[in-house]
2 protein chains.
Amino acid sequence: MFKLFFKNFKEKVALSNDEKTAIGENLKSKEIKKGQFLLGADEICNHIVFIEKGVLRTYLKDESGFEHVIFFGLEGWTAGDLNSFMKQQPARFYIDALEDCELTMISKTAHDQLIETIPAFESYMRILMTNAYMASLSRTSDLISLSLEERYKNFNTSYPSIIQRVPQYMIASHLGVSPETLSRLRAKIVD
Amino acid sequence: MFKLFFKNFKEKVALSNDEKTAIGENLKSKEIKKGQFLLGADEICNHIVFIEKGVLRTYLKDESGFEHVIFFGLEGWTAGDLNSFMKQQPARFYIDALEDCELTMISKTAHDQLIETIPAFESYMRILMTNAYMASLSRTSDLISLSLEERYKNFNTSYPSIIQRVPQYMIASHLGVSPETLSRLRAKIVD
DNA sequence: TTGACTTCTTGACAAATGTCAATGAAACAA
DNA sequence: TTGTTTCATTGACATTTGTCAAGAAGTCAA
């Protein structure tokens with residue numbers, strides 16, 4: 001139970017058995033099947049989830065109804081609409097499962113309580129947020145400064161397993177282009 | 001000294017006088033003139049800075065030498081190449097002053113020590129990172145899902161003061177387009 | 001003031017990407 | 001198996017954006 005979660009935790013912050021027990025009591029497990037939703041836009045995001053197994057997709061819809069993939073989550077990653085979670089406001093994102101998933105969930109109540117009572121948990125969240133911010137910044141930099149071809153090659157080398165597990169049109173969406181454009185790029189690269 | 005820094009701090013986390021003193025001993029002030037650099041790419045980012053006064057620009061250069069603005073920092077904002085700071089690796093970003101600046105600086109050594117010894121400081125950093133991540137995510141969402149016109153209008157309403165204080169071609173760069181394209185968009189909007 | 005420099009605008013054209021439509025392959029369920 | 005659905009590819013064309021070049025307006029310093 002929560003196996004990968006605690007493995008990941010201990011790689012970032014030291015954790016006594018008492019602390020581990022206290023945190024464990026505030027976690028819940030959940031399984032969702034491929035195609036099911038974890039969160040819909042306009043709902044309040046009441047949990048952040050840690051992915052023990054499976055693939056999640058976080059995306060938003062623009063006014064035309066077009067879906068834009070914000071990110072993919074694999075084993076060991078965290079997902080959730082953080083803005084909605086922190087401020088308890090309606091979510092901007094949808095989250096659904098691209099494969100059957102096993103998740104470790106932390107509710108807002110549990111999160112707030114753990115932050116107050118377990119310093120190691122606050123340390124873990126600080127490190128998680130710092131890493132997430134750095135990754136997001138790196139993606140923004142790539143979006144602004146790199147060509148589509150460079151972005152695609154970067155994505156391929158950085159996340160080869162995502163390519164294997166996710167349809168190509170979703171990769172295109174994550175890169176910010178249409179499926180046709182990515183398809184043509186791939187045809188060009190082969191030459 | 002550090003006036004705006006502590007004002008901002010106390011809006012996020014409660015702070016005793018003893019803690020304030022301990023933190024203050026780990027801060028430094030610095031002034032830089034318009035045009036001067038706070039950080040050059042390939043240097044190690046040894047400080048994160050809090051902007052008491054002035055405007056900073058964070059940008060990177062692509063292989064063609066083109067500059068791409070990552071963000072602007074105004075009074076009350078934080079700047080620095082976080083990835084370089086945290087991992088003590090060469091920076092990817094340049095940071096320079098668009099106006100004369102007064103800065104509050106935290107060195108890596110001071111940061112690490114304060115994280116260890118002052119829980120309120122770790123709370124502050126956690127909240128800072130969380131907010132920075134949410135803002136970065138929001139920007140990524142906008143870049144992927146909105147048209148240039150929508151992004152420009154959003155920027156205008158979200159950061160009207162930046163428009164007043166920063167050359168238009170840098171705004172264009174922040175939006176991810178050429179100066180000519182932004183100029184033409186503005187001409188179109190007037191109609 | 002004059003001259004140098006920076007910034008913004010505009011035109012003409014090129015390159016990148018989007019849109020729409022058709023096709024075929026692969027995956028999946030009945 | 002058969003039929004249905006999803007996905008990837010390709011062509012034709014439209015739209016957006018970039019590039020290069022020129023010029024106008026403003027700023028700043030000697």
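A note on names: the letters A, B, ... follow the listed sequences, proteins ahead of strands, and every chain is numbered from 1.
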Does a side-chain heavy-atom distance below 4.5 Å link [X] with [Y]?
X        : Y        : result
A:Glu102 : A:Lys30  : no
A:Phe93  : B:Leu137 : yes
A:Lys28  : A:Leu103 : no
A:Met105 : A:Leu27  : no
B:Phe121 : B:Glu19  : no
B:Val69  : B:Arg57  : yes
A:Ile23  : A:Phe5   : yes
A:Leu175 : A:Leu182 : yes

Distances under 3.5 Å between nitrogen or oxygen atoms of protein and nucleotides 20-30 of chain C:
residue, atom, partner, partner atom, Å
C:dC20, N4, A:Glu180, OE2, 3.1

Got a sec, which hydrophobics cluster with B:Leu143, joining ILVMFWY side chains under 4.5 Å apart, including via others?
A:Leu143, A:Ile144, B:Ile144
Could you identify which residues of residues 147-169 of chain B place a heavy atom less than 4.0 Å from some atom of DNA chain C, listed by residue number, or say none?
B:Pro167, B:Gln168, B:Tyr169
At a heavy-atom distance below 4.0 Å, what parts of residues 53-65 of chain A sit against DNA chain C?
none
Could you list where the contact with chain A starts and ends along DNA chain D, reading 5' to 3', using a 4.0 Å heavy-atom cut-off?
D:dC7 to D:dA12
What is the minimum heavy-atom distance between A:Gly76 and A:Asn8, and which atoms define it?
O-ND2, 3.6 Å
Considering all heavy atoms, the nearest A:Ile106-A:His111 contact
CG2-N, 3.8 Å
Using 4.0 Å as the upper bound for N to carboxylate O, is an ion pair formed by A:Asp142 and A:Arg151?
no
Can you measure B:Arg186 atom CZ to C:dT10 atom P for me and round it to whole angstrom units?
10 Å
Check the distance between C:dT6's C1' and B:Met170's CE and give it to me in whole angstrom.
11 Å
Examine B:Lys61 relative to B:Tyr94 and say whether NZ or CZ is less than 6.0 Å from the centre of the six-membered ring and inside a 45° cone about the ring axis.
yes
Verify the ring-centre separation between B:His174 and B:Phe71: is it less than 6.0 angstrom?
no
Checking B:Thr157 side chain against B:Asn154 main chain: does a donor-acceptor pair fall under 3.5 Å?
yes
Find the bend of the helix from C:dT1-D:dA30 to C:dA30-D:dT1 as the angle between its two terminal axes (five pairs each), to the nearest 10°.
50°
